[in-house]
Amino acid sequence: MSTRVTELAKELELSIEDVTSHLQDLGVAVPGAATMIDVDTAQMMRELFGKKVEGGKYVEIPAGSTVKDLATAMGIAASDVQKKLMSMGVLAAVNQRLSPDAARKLASIYGFEVRIKIEARPDAPVAAPKPKHKSPGGGPTPRPPVVTIMGHVDHGKTTLLDAIRKTKVVEGEFGGITQHIGAYQVEVEHEGEKRKITFLDTPGHAAFTAMRARGASVTDIAILVVAADDGIMPQTIEAIHHAQAADVPIIIAINKIDKPDANPDRIKTQLTEHNLVPREYGGDVECVNVSAKMKTGLDDLLEYVLFQADVMELKADSHAKPTGVIVEAKQEIGRGAVSTVLVEQGTLRVGDSVVCGLAHGKVRAMMNERGERLNKATPATPVEIIGLNIVPSAGDKLEAVKDERTARTTAEHRQQLQRTNRLASSRRVTLEDIATRIRDGEVKELKLIIKGDVQGSVEAVIGQLQQIEVEEVRMRVLHSGVGNIGENDIMLASSTDSIVIGFNVKVDSQAQAAAEREKIDVRTFNIIYELTESVERAMKGMLAPIYEEFALGKATVRATFRTPKGVIIAGCYVTEGKITRNAQVRVIRNKEVIHTSKIDSLKHIKEDVKEMAQGFECGIVIADFTDVKEEDTIEAFEMRQIERK
């Protein structure tokens with residue numbers, strides 16, 4: 001006999017909203033509270049929520065539990081549960097989520113019945129992040145994640161991007177002349193609602209790091225593409241280091257699994273060698289098998305992206321002052337400066353006056369990746385804008401200001417600052433200036449990027465450097481590789497404040513130009529001990545200095561004098577050592593130190609002198625001290641820096 005939703009809710013002692021939500025999770029459409037539910041579905045709900053009358057063993061698990069969660073609740077090894085699933089023809093990882101129906105069937109094999117743990121539903125608003133921005137007050141609301149795809153050449157980055165775009169852009173919108181703007185959005189069905197993901201279509205990790213070097217950390221998640229038939233390659237390792245340096249979560253897309261010699265397990269083992277431990281091996285890195293060519297696994301990949309985005313709780317305020325970052329820019333005949341902007345906060349509108357790096361102007365027109373004209377763009381939306389007076393640089397920040405005059409004044413001020421900074425030509429980091437920077441608290445470790453002629457040389461250099469032990473200073477090799485020093489090495493050093501070390505290699509012309517432009521210290525060596533000595537000297541220079549007190553001399557106050565201007569002069573006799581001008585002094589009275597300061601002036605018969613030796617009389621003025629008295633003792637000393645070993 002059929003049951004209404006209202007009756008079922010009363011029977012299960014749940015709210016109508018809870019029953020409706022869980023029925024929808026089971027794939028049952030519920031247009032209203034009076035909807036009739038069939039007998040089988042009603043019985044399934046009773047079993048799920050522990051209302052079955054018959055006796056039996058129950059396990060209580062939350063909705064969306066994983067294989068491991070269910071196994072733990074039943075007191076059974078997760079590996080045994082996986083084997084049981086395999087016998088049922090299901091290959092599942094321990095962290096794979098189970099639907100309520102699948103959990104019920106699996107538990108019944110072991111003689112258990114499942115009870116879904118009902119949480120009070122504060123999660124309901126969060127589970128449906130639909131940023132309508134209806135409230136006039138605004139405030140941060142969920143925004144789409146921004147994703148960059150990285151990896152080795154020929155491993156399928158471009159093919160994967162195209163596959164995602166073609167399968168996830170509504171038919172009819174994609175096709176014809178698609179405007180390539182360096183970034184685009186796709187729409188994904190996730191947990192019953194439509195969610196957006198923004199992809200940065202950059203030419204690899206070089207551009208990714210170039211933007212970071214200019215302070216634009218726009219990427220939320222990095223997808224690392226690895227070919228299942230090829231494995232971890234030099235550019236893959238480089239991409240890993242770039243993503244790790246950016247401190248963004250990494251999702252591994254194991255591509256080309258349709259090939260006969262594909263070996264995903266080998267890829268996962270190789271990843272562990274680079275501090276990326278897959279979930280199957282007890283780590284926290286998601287690995288997804290995909291085939292960009294066959295368009296398989298794409299939904300799983302996007303599902304993991306959205307899951308990671310939910311964990312990160314990405315939010316932005318669409319009512320805030322509009323800001324964004326330049327993804328790419330170019331000069332086009334007839335259109336002028338054309339810039340791709342990723343909106344970060346606020347809502348950018350046509351007609352807004354903006355300043356962007358050294359450029360300024362007014363947003364005359366705005367288009368999406370399909371060439372459609374837009375009037376506004378919300379956070380995490382990529383758009384192409386026209387109206388800037390010059391072409392900005394990738395990574396430049398875009399800000400909306402009150403009018404064009406303010407935008408022009410701000411841009412002109414920045415241009416003046418840039419000219420001043422260029423004249424100053426200050427370096428970013430060198431081996432010589434590290435000691436100063438560590439004292440200022442700017443540098444806590446020496447970061448190195450090492451390139452060698454062969455792998456054996458690289459390993460030997462790293463081995464020798466690891467033997468250097470300097471207390472309180474840590475050396476970290478951010479990246480190492482074989483071959484000449486290239487532009488990518490310079491851009492990684494630029495974004496991480498590192499020094500580039502080469503052994504038996506050269507610096508190519510593009511890297512040399514980039515090093516000069518970014519002010520990066522690049523050192524090349526042909527003799528290994530010269531390399532290690534140079535690094536060791538730098539690390540010792542990074543040590544915080546130790547100062548030790550050295551006694552200079554003593555003087556006894558025999559008389560005091562006051563000048564017409566009220567300055568107190570202590571007439572002294574030097575009893576030990578010497579007294580020097582600008583020395584630090586202690587005033588001692590009755591064997592107690594009553595003041596510590598420095599000498600303001602030192603005179604001998606009205607003449608200024610640099611020092612006064614034992615057996616001579618002198619006049620001393622002590623800084624910030626006027627209470628000097630006869631019979632006081634003045635001890636002069638200085639603090640000298642001790643070389644640290």
Side-chain angles (χ1 to χ4, degrees), residues 142-153 155-170 173-175 178-190 194-212 216-226 239 242-243 246 248-255 286 288 290-293 295 297-310 312 314 316 324-329 339-344 367-372 374 377-385 394-395:
R143 65 165 175 81
V146 181
V147 180
T148 298
I149 296 185
M150 308 167 75
H152 187 74
V153 65
H155 276 202
K157 297 191 300 291
T158 304
T159 310
L160 181 61
L161 279 165
D162 289 343
I164 292 172
R165 181 157 46 182
K166 288 177 181 176
T167 55
K168 293 300 171 185
V169 174
V170 179
E173 290 182 346
F174 186 88
T178 300
Q179 186 71 29
H180 174 77
I181 68 167
Y184 61 89
Q185 279 189 333
V186 300
E187 202 166 62
V188 183
E189 191 79 21
H190 179 68
K194 291 184 177 181
R195 299 273 298 276
K196 290 182 178 180
I197 302 174
T198 300
F199 284 92
L200 291 186
D201 190 2
T202 62
H205 49 263
F208 172 83
T209 309
M211 292 179 69
R212 285 197 63 248
S217 301
V218 295
T219 301
D220 300 314
I221 300 168
I223 294 178
L224 181 66
V225 181
V226 186
H242 282 258
V248 297
I250 302 173
I251 297 174
I252 309 298
I254 303 177
N255 193 22
E286 295 287 359
V288 189
V290 300
S291 171
K293 183 179 178 182
K295 297 183 175 60
L298 302 183
D299 289 336
D300 291 339
L301 180 63
L302 298 176
E303 186 78 17
Y304 280 123
V305 169
L306 290 174
F307 176 74
Q308 181 65 52
D310 289 340
M312 298 170 73
L314 303 170
V325 65
I326 299 297
V327 176
E328 65 178 17
S339 311
T340 301
V341 178
L342 181 68
V343 180
E344 293 184 306
M367 283 80 66
N368 63 14
E369 69 270 19
R370 295 182 296 278
E372 299 169 344
L374 304 176
T378 52
T381 302
V383 288
E384 189 176 75
I385 66 168

Worksheet item: Short question: side chain of Glu369, backbone of Pro382 - any donor-acceptor pair under 3.5 Å?
Response: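 Not confirmed, Glu369 side chain does not pair with Pro382 backbone.
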Worksheet item: Checking Thr198 side chain against Ala380 main chain: does a donor-acceptor pair fall under 3.5 Å?
Response: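 Yes, because the side chain of Thr198 sits within donor-acceptor range (under 3.5 Å) of the backbone of Ala380.
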Item to complete: Take Val341 and Ile326 through the test side chain to side chain contact (heavy atoms under 4.5 Å, CB included) and record every step on the way to the result.
Response: CA-CA 5 Å; Val341 178; Ile326 299 297; 3.7 Å; yes
Hey, what do you get for [atom1] ([X]) to [atom2] ([Y]), rounding to the nearest 0.5 Å?
| X | Y | atom1 | atom2 | value |
| --- | --- | --- | --- | --- |
| Thr381 | Leu342 | OG1 | CG | 8.0 Å |
| Ile164 | Tyr184 | CD1 | OH | 5.5 Å |
| Ile223 | Glu286 | CD1 | CD | 12.0 Å |
| Ile251 | Leu302 | CD1 | CG | 9.5 Å |
| Arg195 | Glu187 | CZ | CD | 11.5 Å |
| Ile254 | Leu224 | CD1 | CG | 10.0 Å |

Fill in: Heavy-atom side-chain proximity of Met312 to Pro145 below 4.5 angstrom
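When only atoms from C-beta onward are counted, Pro145 and Met312 do not touch, as no gap falls below 4.5 Å.
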Worksheet item: Does some side-chain heavy atom of Gln185 sit less than 4.5 Å from a side-chain heavy atom of Pro144?
Response: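 In short, these two side chains touch, coming nearer than 4.5 Å.
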Discussion item. Assess the residue pair Leu301 and Leu160 against the criterion (side chain to side chain contact (heavy atoms under 4.5 Å, CB included)); give the C-alpha distance rounded to whole Å, side-chain angles, the decisive distance to 0.1 Å, and a yes or no.
Written reply: CA-CA 11 Å; Leu301 180 63; Leu160 181 61; 4.2 Å; yes
Worksheet item: Under the side chain to side chain contact (heavy atoms under 4.5 Å, CB included) criterion, do Lys194 and Glu189 qualify, and how do the steps go?
Response: CA-CA 5 Å; Lys194 291 184 177 181; Glu189 191 79 21; 3.6 Å; yes
Worksheet item: Among Val305, Leu298, Ile197, Asp299, which one satisfies side-chain contact (heavy atoms from CB on, under 4.5 Å) with Val188?
Response: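 Result: among Val305, Leu298, Ile197, Asp299, Ile197 is the only option passing the side-chain contact (heavy atoms from CB on, under 4.5 Å) with Val188.
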Discussion item. Apply side chain to side chain contact (heavy atoms under 4.5 Å, CB included) to residues Arg143 and Asp220 and explain how you reach the verdict.
Written reply: CA-CA 11 Å; Arg143 65 165 175 81; Asp220 300 314; 2.8 Å; yes
Worksheet item: Of all heavy-atom pairs between Val383 and Ala377, which one has the smallest distance, and what is that distance?
Response: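 In this case the closest contact between Val383 and Ala377 is CG1-CB, 3.7 Å.
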